[in-house]
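Quantities reported herein were computed from a predicted structural model and do not represent experimental measurements.
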Amino acid sequence: NGPVSFNVRHRMSTISWSAEFAKVISCAACSRETDGKLLRDEEENVPQPGYIGENYWKRRIALVGQNPGTPKTLELQDRPYTAALRNLRDTPIDANYRELHRVLQTFIPQWPVHGNYFPLAECDLSLKDIAYFNVVRCRTGGDAKPGTNTVNSCLRNHFGRWLDNLAPRVVVFIGKWAADRASHEVEHRGIPFAFMNRQRSLSSLERSENRRNVVHVVRAGDA
């Protein structure tokens, strides 16, 4: 929450996020042939880059999930969102990036990335302060866990580059699955991290302890 370093300010000014987002949306490294769980088409199921709040660079807290979920009660909101993704993919200009961000500002609050999934208010954060992206950027049928080849492909093609570009002070993984697959990339860069343990077998005491630990790591890294 302190001053932004020269290196981070320089990174902020040199990255074209319209091009970076378009690179993810247009990714064709994996297919249904390499991972039968993937949902991939040219309409609703395109790769999803993530979200960067307008105040992210002041706080630099990144949340990392498993992979995008399939819409259940958000179908009407999903259509303008995926349309904005395709527009940015096809024409990676700043105007289309801003339009996607505008759509996300109404869509993101309905995603379960806060509340029970992440103690946003307890960390003195709002959705505008965080970045959110997934280990794997594609949806899977029935929200199945992505296959190993897909995970490795996404880590190789996108994950490390996003960590370097976003330069987070702290990374919080949403679920142990994400932490198990990608925390080595975070640890290698010396970034403090924690994970929200969402295992259903946890007792209420264990859940509270996990939540307190996450809040402690975020606040320590954000100091």
Quiz item: Do Q48 and L85 pass the side-chain contact (heavy atoms from CB on, under 4.5 Å) test, and can you show the C-alpha distance, the side-chain angles, and the key distance before you say yes or no?
Solution: CA-CA 8 Å; Q48 300 179 33; L85 288 173; 3.9 Å; yes
Quiz item: Mind checking whether W162 and F21 have parallel, tilted or perpendicular rings, split at 30° and 60°?
Solution: tilted
Quiz item: Tell me, do P146 and Q66 make a side-chain contact under 4.5 Å, heavy atoms counted?
Solution: yes
Self-check item: Shortest non-hydrogen contact from L104 toward G50
Solution: CD1-O, 3.7 Å
Self-check item: Within one Ile-Leu-Val-Met-Phe-Trp-Tyr cluster: Y51 and I15, side-chain cutoff 4.5 Å
Solution: yes
Practice problem: Run the numbers on C123 and F118 for side-chain contact (heavy atoms from CB on, under 4.5 Å), then give the verdict. | Solution: CA-CA 9 Å; C123 293; F118 176 71; 4.0 Å; yes
Quiz item: Hey, is NE2 on H216 packed in by over 12 heavy atoms from elsewhere, all under 6.0 Å?
Solution: no
Quiz item: Going from NE2 on H101 to OG1 on T106, what distance comes out if it is rounded to the nearest 0.5 angstrom?
Solution: 10.5 Å
Exercise. Not counting sequence neighbours, list each pair that qualifies as a salt bridge (Lys or Arg N to Asp or Glu O under 4.0 Å) and has a residue in residues 141-156.
Key: K72-D143
Exercise. Would you indicate whether the side-chain heavy atoms of R86 and E43 approach each other to under 4.5 Å?
Key: yes
Quiz item: Looking at side-chain heavy atoms only, is the closest gap between E99 and V103 below 4.5 Å?
Solution: yes
Exercise. Not counting sequence neighbours, which residues clear ring pair (Phe, Tyr, Trp, His ring centres under 6.0 Å) with F195? List them please.
Key: none
Quiz item: Does N210 have any side-chain contact (heavy atoms from CB on, under 4.5 Å) partners at least two apart in sequence or in another chain, and if so, which?
Solution: M196, N197, V214
Quiz item: Looking at D35, L38, N152, V136, which hits side chain to side chain contact (heavy atoms under 4.5 Å, CB included) with C30?
Solution: L38
Quiz item: So does E209 have more than 12 non-hydrogen atoms from other groups sitting under 6.0 Å from CD?
Solution: no
Quiz item: What's the spacing between S26 OG and L88 CG if we round to 0.5 Å?
Solution: 9.5 Å
Self-check item: Minimum heavy-atom distance between A84 and L100, given as atom pair plus value
Solution: CB-CD1, 3.8 Å
Quiz prompt | Any side-chain heavy-atom pair of V218 and L125 under 4.5 Å | solution = yes
Exercise. Nearest 0.5 Å please: distance from the CG atom of N96 over to the CZ atom of R102.
Key: 12.0 Å
Quiz item: What pairs with C27 under side-chain contact (heavy atoms from CB on, under 4.5 Å), at least two apart in sequence or on another chain?
Solution: A29, H158
Self-check item: Minimal non-hydrogen separation, A22 against P92, with atom names
Solution: CB-CB, 3.5 Å
Exercise. Indicate yes or no: does D129 engage K58 in a salt bridge with an N to O separation below 4.0 Å.
Key: no
Quiz prompt | side-chain hydrogen bond (donor to acceptor under 3.5 Å, both in side chains) involving D180 - partner list, sequence neighbours excluded | solution = K176
Exercise. Without swapping roles, check the side chain of T91 against the backbone of I93 for a donor-acceptor pair under 3.5 Å.
Key: no
Quiz item: Salt bridge check: are E20 and R161 linked by an N-O gap of less than 4.0 Å?
Solution: yes
Quiz item: Run the side-chain contact (heavy atoms from CB on, under 4.5 Å) check on R40 and R139 step by step: do they pass?
Solution: CA-CA 8 Å; R40 288 293 298 274; R139 290 170 170 165; over 6 Å; no
Quiz item: With no hydrogens and no angle check, is any side-chain donor or acceptor of S208 less than 3.5 Å from a backbone partner on S204?
Solution: yes
Self-check item: Euclidean distance, N45 CG relative to C138 SG, rounded to 0.5 Å
Solution: 9.0 Å
Quiz item: Does the R60 side chain pair with the main chain of A167, one donor and one acceptor, at a distance under 3.5 Å?
Solution: yes
Quiz item: Under 4.0 Å between a Lys/Arg side-chain N and an Asp/Glu carboxylate O for R189 and D164?
Solution: yes
Quiz item: Do P168 and F193 have side-chain heavy atoms sitting under 4.5 Å apart?
Solution: no
Self-check item: Test item: side-chain donor near acceptor, E206 and Q199, under 3.5 Å
Solution: no
Quiz item: Same hydrophobic cluster for V171 and V215, using side-chain heavy-atom links shorter than 4.5 Å among ILVMFWY?
Solution: no
Quiz prompt | Reported CZ-to-CG distance for the pair R211 and L202, which is rounded to 0.5 angstrom | solution = 13.0 Å
Quiz item: With side chains defined as the heavy atoms from C-beta onward, is the minimum distance between F133 and V24 less than 4.5 Å?
Solution: no
Quiz item: Is there side-chain contact between V170 and I191, with heavy atoms separated by less than 4.5 Å?
Solution: no
Quiz item: Is V46 reachable from W17 through a run of I, L, V, M, F, W or Y residues, each pair having side-chain heavy atoms under 4.5 Å apart?
Solution: yes
Quiz item: Nearest 0.5 Å, what's the CZ-CG distance between R59 and D222?
Solution: 4.0 Å
Exercise. Tell me, with the steps shown, if Y132 and L127 meet side-chain contact (heavy atoms from CB on, under 4.5 Å).
Key: CA-CA 9 Å; Y132 180 87; L127 290 174; over 6 Å; no
Quiz prompt | Basic-acidic side-chain contact under 4.0 Å: E44, R79 | solution = no
Self-check item: Residues which pass side-chain contact (heavy atoms from CB on, under 4.5 Å) with A182, listed by chain and number, not counting sequence neighbours
Solution: V135, L155, F159, F173
Practice problem: Taking the side chain as every heavy atom from C-beta outward, state whether V172 and V64 have any pair of such atoms under 4.5 Å apart. | Solution: no
Exercise. Determine, stepwise, if the pair F107 / Y81 fulfils ring pair (Phe, Tyr, Trp, His ring centres under 6.0 Å).
Key: CA-CA 8 Å; F107 198 31; Y81 165 58; 5.0 Å; yes
Quiz item: Would you say the side-chain atoms of N67 and T140 include a donor-acceptor pair closer than 3.5 Å?
Solution: yes
